[in-house]
Amino acid sequence: MNTAKPETAGIEPASPEPRPSNFIRDIILNDLKTNKYNGRVQTRFPPEPNGYLHIGHAKAICLDFGLADEFGGHTNLRFDDTNPEKEDVEYVDAIMEDVKWLGFHWDGLFYASDYFDQLYAWAIQLIKAGKAYVDDLSADEIRKHRGTLTEPGKGSPYRNRAVEENLNLFERMKAGEFPDGSRVLRAKIDMASPNLNMRDPVMYRILHAEHHRTGNKWCIYPMYDYAHGQSDSLEKITHSMCSLEFADHQPLYNWFIQQLGIFPSQQIEFDRLSLTYTMMSKRKLRQLVEEGRVTAWNDPRMPTLCGMRRRGYTPEAIRNFVTAAGVSRTNGIVELAMLEHFVREDLNKHAPRVMAVLHPVKVVLDNYPENQTEEMDAVNNPEDPAAGTRKVPFSRVLYIEQDDFREDPPKGYFRLSPGREVRLRYGYFITCKSVVKNDKGEVVEVHCTYDPATRGGNAPDGRKVKSTIHWVSASHAVDAEVRLYDNLFTKEDPSELEEGQDFTANLNPNSLEVLSHCKLEPSLATGAAGSRFQFERLGYFCVDPDSQPGKLVFNRTVALKDTWAKIEKKGQTAKG
RNA sequence: UGGGCCGUCGACUAAUGGUAGGUCAAGUGCCUUUGGAGCACUUUGUCUAGGUUCGAAUCCUAGCGGCCCAGCCA
């Protein structure tokens, strides 16, 4: 990235830790060995600023920046801004923020629009060489002349215009003499090519649109194919990674570079990242936002980087996931469970533990003195001794999780039930003596006795207890709203549709569940937006930006693995 | 249907003509003041058919299956 590493620049990987081999690294290794680019590795990440970055882009980012970094190379951030009708500064700012958040730093910051003058000069050069011409055909006529997958195309009647006429017309296109769509500049290649991209592709179209960077300087804009390879070449990109659907464009990418005789960047295609229960199309994500199916681009259910950030995912987790998922040329779908694994793995190491009750039910310790409060010592993170301990207030009336009490416990259920003794984490052993129910027969209070000899959670007589449950002192608890998220889609592949349906039919109606009046230990009363915690036995949660002092809002990032839920589910399916 | 790309455990991915391995998931056990975490173990795979070779996931041929391309989008 920014700093060259002389001691590692060269063939040896910059990092000693083993990374999974992949075919792109092999190509780079080989290019280094043959000295194809004098030992240079220069990559670029080229987003179009027409939307927000998602986890699929994270894969490209990790590849572009990660591979260059590994070999002491450099990476540019280049905005592919050749279509002013769809692009906006709002997106360039968001993209830069997301790249930085993911943990990467670009060397050069460029825009394809920086090269508009050079691209124009090169177009003139191609016209003069008889390799490009102005076509007066309409878009519709061009499509008809292009032929089909099985039939060759036909040449435009304007294909053999004189160089002088082409020059004149192209200059007047630039000068704004013609309306949108009236003419284009085309490369003269081969109308019979089996690769449709080579059937005289359009290089420039007329677009009287204001560009977010060049303003009204231009009314003709280069197409992707005419801009991308030359942009790479100008930046001396050695390895230009892009997704598989551009493989058919590679002959054209190379054609422009060869005709112009400029630095030969090489394009390498890899497979996009797909995730189960997730939709990665920018167009469809935009639709979800615009139709209000989610609250915004950064809705925590979105696969966008800003959504995942708000959800509490860490950059480290995303990077580890992307690396583990690997890169190849096959079209596969990675299981969401794998992403969640890496999120848990990172949060387990770093998130402070805390106690919170999401579905509270009252526990009254009948033999505990009224108005007494004790401060119990609690470990902040068993994975990290340096995280220290904290004090948690304990008193006669507590909240525990509804799930942690069963009046009629099923087989294998170890938690509280009438007559049973359990441990309150960092508290005391308690034994359930009776319950109080409301008119509807629901348990509203569980009455227990505590054993004063078990303070802190250990019995001096050595007796064991099958279960430890979490709790919050009722009089000390702070209230919070907690937002639980589930998959945005109900199908592994959301594009799998019945007749006449559109993808929104696969939206999960229960992807968001909002809980109010959850009870949190008081240490949570203050916490900056983005702060991440493990709510013991429940999952990882973070403070949402909507949170305010006195009006706390938490997001569930991901639940903890729940062995009991699995056992219980298996029992149910076994029954019927 | 022309062209391009691709087929390895349930998922993802290694093995670069020489022991089919790793991660996730699933399962079993151990451990545990989180039914968390951790640890140990286990199950499951080279699309098919031919060929080359002492030896093929790998090379060749033919099938079969999947993805991409007919924007003045990227």
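We name chains A, B, ... by the order of the sequence lines, and we start the count at 1 in each one.
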Practice prompt. Report yes or no: is the cationic atom of A:Arg183 (NZ for Lys, CZ for Arg) under 6.0 Å from the centre of the six-membered ring of A:Phe178, at an angle within 45° of the ring normal?
Written response: yes

Item to complete: Mind checking A:Thr563 for me? I need base, sugar-phosphate or nothing, with any heavy atom below 4.0 Å counting as a touch.
Response: sugar-phosphate

Practice prompt. Would you kindly check if the NZ (Lys) or CZ (Arg) of A:Lys174 is within the cone defined by 45 degrees around the ring axis of A:Tyr120 and under 6.0 Å from the six-membered ring centre?
Written response: yes

Worksheet item: Going by distance alone, is a donor N or O of one side chain under 3.5 Å from an acceptor N or O of the other, for A:His228 and A:Arg44?
Response: yes

Worksheet item: Is the distance between the ring centroids of A:Tyr428 and A:Phe394 less than 6.0 Å?
Response: yes

Response to the item:
What one should report as the nearest heavy-atom pair of A:Val465 and A:Val422 is CG2-CA, 3.6 Å

Worksheet item: Atom CG of A:Leu196 and atom P of B:U1: how far apart are they, to the nearest Å?
Response: 16 Å

Worksheet item: So is A:Lys282 actually on top of A:Tyr52's ring, under 6.0 Å and inside 45° of the axis?
Response: no

Fill in: Side-chain H-bond candidate by donor/acceptor type, A:Asp200 with A:Tyr133, under 3.5 Å
yes

Discussion item. I'd like the C1' distance from B:G50 over to B:C12, given in whole Å.
Written reply: 31 Å

Produce the list of close N/O pairs, under 3.5 Å, pairing protein atoms with atoms of nucleotides 25-28 of chain B; give distances to one decimal.
unit_1	atom_1	unit_2	atom_2	d
B:A26	OP1	A:Lys566	NZ	3.2

Item to complete: Have a look at A:Gly427 and say if it touches a base, only the backbone sugar-phosphate, or nothing, with a 4.0 Å heavy-atom cut-off.
Response: nothing

Worksheet item: Distance check: side-chain N/O of A:Thr148 vs OP1/OP2 of B:U1, anything under 4.0 Å?
Response: no

Worksheet, complete the sentence: Sequence neighbours excluded, the answer for salt bridge (Lys or Arg N to Asp or Glu O under 4.0 Å) partners of A:Arg146 is none

Worksheet item: Looking at A:Thr330, does any N or O in its side chain come under 4.0 Å of the phosphate oxygens OP1/OP2 on B:G7?
Response: no

Discussion item. Is it the case that over 12 heavy atoms from other parts of the model lie below 6.0 angstrom from the NZ atom of A:Lys349?
Written reply: yes

Worksheet item: Which residues within residues 375-385 of chain A lie with some heavy atom under 4.0 Å of an atom in RNA chain B?
Response: A:Pro382, A:Glu383

Item to complete: Compare side-chain N and O positions of A:Arg353 against OP1 and OP2 of B:G36 and report whether any pair is under 4.0 Å apart.
Response: no

Discussion item. What does the 5'-to-3' dot-bracket notation of RNA chain B look like when only Watson-Crick and G-U wobble pairs under 3.5 Å count, and pairs to other strands show as |?
Written reply: .((((((..((((....[..)))).(((((.......)))))....(((((..]....))))))))))).....

Worksheet item: Hey, is the side chain of A:Ser21 poking within less than 4.0 Å of OP1 or OP2 on B:U16, counting only N and O atoms?
Response: no

Item to complete: If a pair satisfies salt bridge (Lys or Arg N to Asp or Glu O under 4.0 Å) and one of its residues is in residues 268-281 of chain A, list it, with sequence neighbours excluded.
Response: A:Lys59-A:Asp271, A:Glu245-A:Arg272, A:Glu269-A:Arg329

Where do N or O atoms of nucleotides 72-74 of chain B meet protein N or O atoms at under 3.5 Å, pair by pair?
unit_1	atom_1	unit_2	atom_2	d
B:C72	OP1	A:Arg146	NH2	3.3
B:C72	OP2	A:Arg146	NH1	3.2
B:C72	N3	A:Gly181	O	3.3
B:C72	N4	A:Leu137	O	3.0
B:C72	N4	A:Ala139	N	3.0
B:C72	N4	A:Gly181	O	3.0
B:C73	OP2	A:Arg205	NE	3.0
B:C73	OP2	A:Arg205	NH2	2.9
B:C73	O3'	A:Arg205	NH2	3.2
B:C73	O2'	A:Asn83	ND2	3.1
B:A74	OP1	A:Thr82	OG1	2.7
B:A74	OP1	A:Arg205	NH1	3.3
B:A74	OP1	A:Arg205	NH2	2.9
B:A74	OP2	A:Tyr224	N	2.9
B:A74	O3'	A:Asp80	OD2	3.3
B:A74	N6	A:His249	NE2	3.3

Worksheet item: Does a donor on one side chain sit under 3.5 Å from an acceptor on the other, for A:Arg537 and A:His470?
Response: yes

